[in-house]
Amino acid sequence: MIRTMTRSLALAGCLLTLPTQAALPENVLLQREAMRSFTLMLQAQGEGMHARQRQALQDSISQLQLTGPAAAHGYPQAIMSTLDSNDAGQQPSAGQMDALYRQLLEVIEALHQPDADAPYLSVLLTEYLTLRYAFASYIGLPASTESGNHYYQKEYSELLEQLDEQLTRILREAADNSLVARWAMLHHALSDMHEGWTRTRSGNSFAPIVVILNGRALSDELSSRLPAADPTP
């Protein structure tokens, strides 16, 4: 049902022109790219990727290779090694993907600056919730992680509610019906993921490709709009 409702939005996500990435502070951009690369790796493992998506993954990794935290934790090398193994027909196990996920969280923790990142939290939440949806779709539930006050340590349902509150204000100020429609679709899909259970609440199939495409498109739009709407003090 979700796929039928959102086919046109998925196509729009494919065709959307990417905004200038320089609008984001470097540490926010790097967190975004770290999460995107993992989401695309999940997609590659689950059902493969087209050339354009593979290039997006390689572009994300290229940016991360230039930064200390990601390189120090070995994340760029680990994800490319995982992709190479997957390409060679050696599909990574759930345990290996979970270990890569924990490695990703270490990188995010090293990059995250709560106060400085606050104006751009909606971008980070969009990427993180998209990642979690993809993980549930292709693998199941990630191993337990430490709880805390940072976005990557909070409960999925709490983050979804927080993002919805932020976007209600942001989209009202943007006055863009296409963004409102995109978030309505994403919220519908993200809300259907049953926390603590790998099936959806509705019993319908997961829609990972639709969520990944539109999550990325919404994040890109927010990345270009937020500095104007929410300037850092």
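Computed from a predicted structure; not experimentally measured.
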Under a 3.5 Å distance rule, please check whether [X] uses its side chain to pair with a backbone N or O of [Y] as donor and acceptor.
{"X": "Ser224", "Y": "Glu221", "value": "yes"}
{"X": "Gln166", "Y": "Ser122", "value": "yes"}
{"X": "Gln91", "Y": "Gln45", "value": "yes"}

Roughly how far, to the nearest 0.5 Å, is the [atom2] atom of [Y] from the [atom1] atom of [X]?
{"X": "Ile108", "Y": "Gln153", "atom1": "CD1", "atom2": "CD", "value": "10.5 Å"}
{"X": "Leu42", "Y": "Tyr138", "atom1": "CG", "atom2": "OH", "value": "8.0 Å"}
{"X": "Leu218", "Y": "Arg216", "atom1": "CG", "atom2": "CZ", "value": "13.0 Å"}
{"X": "Leu57", "Y": "Met80", "atom1": "CG", "atom2": "CE", "value": "6.0 Å"}
{"X": "Asp220", "Y": "Arg36", "atom1": "CG", "atom2": "CZ", "value": "4.0 Å"}
{"X": "Thr126", "Y": "Leu167", "atom1": "OG1", "atom2": "CG", "value": "5.5 Å"}

For a ring pair (Phe, Tyr, Trp, His ring centres under 6.0 Å) with Tyr133, tell me which candidate from Phe206, Tyr128, Tyr156 qualifies.
Phe206

[X] vs [Y] side-chain heavy atoms within contact, under 4.5 Å:
{"X": "Thr200", "Y": "Ser205", "answer": "no"}
{"X": "Leu179", "Y": "Arg225", "answer": "yes"}
{"X": "His73", "Y": "Leu64", "answer": "no"}
{"X": "Ile209", "Y": "Glu47", "answer": "yes"}
{"X": "Gln162", "Y": "Leu121", "answer": "yes"}
{"X": "Gln113", "Y": "Pro25", "answer": "no"}
{"X": "Thr168", "Y": "Trp183", "answer": "no"}

Salt bridge (Lys or Arg N to Asp or Glu O under 4.0 Å) partners of residues 81-94, not counting sequence neighbours, each pair once:
Arg54-Asp87

Set of residues satisfying side chain to side chain donor-acceptor pair (under 3.5 Å) with respect to [X], sequence neighbours excluded:
{"X": "Gln58", "result": "none"}
{"X": "Thr130", "result": "none"}
{"X": "Thr39", "result": "none"}
{"X": "Asp117", "result": "Asn27, Gln31, His112"}

Qualifying residues under ring-ring contact (aromatic ring centres under 6.0 Å, His included), relative to Tyr75, sequence neighbours excluded
none

On a heavy-atom basis, the closest approach of Ala110 and Pro69 is CB-CB, 3.7 Å

May I ask you to check whether Arg32 and Ser219 show a side-chain donor-acceptor distance below 3.5 Å?
no

Hey, mind stepping through Asp59 and Gln63 against side chain to side chain donor-acceptor pair (under 3.5 Å) and telling me if it holds?
CA-CA 6 Å; Asp59 289 345; Gln63 292 188 65; over 6 Å; no

What residue pairs, at least two apart or across chains, pass ring-ring contact (aromatic ring centres under 6.0 Å, His included) with a residue in residues 36-56?
Phe38-Tyr101

Among all residues two or more places apart in sequence or in another chain, which pass the side chain to side chain contact (heavy atoms under 4.5 Å, CB included) test with [X]?
{"X": "Ala78", "value": "Leu100, Gln103"}
{"X": "Gln90", "value": "Ser85"}
{"X": "Ala44", "value": "Met41, Met49, Leu83, Asn86"}
{"X": "Glu26", "value": "Leu30"}

For Gln53 and Ile212, run side chain to side chain contact (heavy atoms under 4.5 Å, CB included): C-alpha distance rounded to whole Å, both residues' side-chain angles, the deciding distance at 0.1 Å, then the answer.
CA-CA 11 Å; Gln53 295 161 330; Ile212 290 170; over 6 Å; no

Asp164: partners by salt bridge (Lys or Arg N to Asp or Glu O under 4.0 Å), with sequence neighbours left out:
none

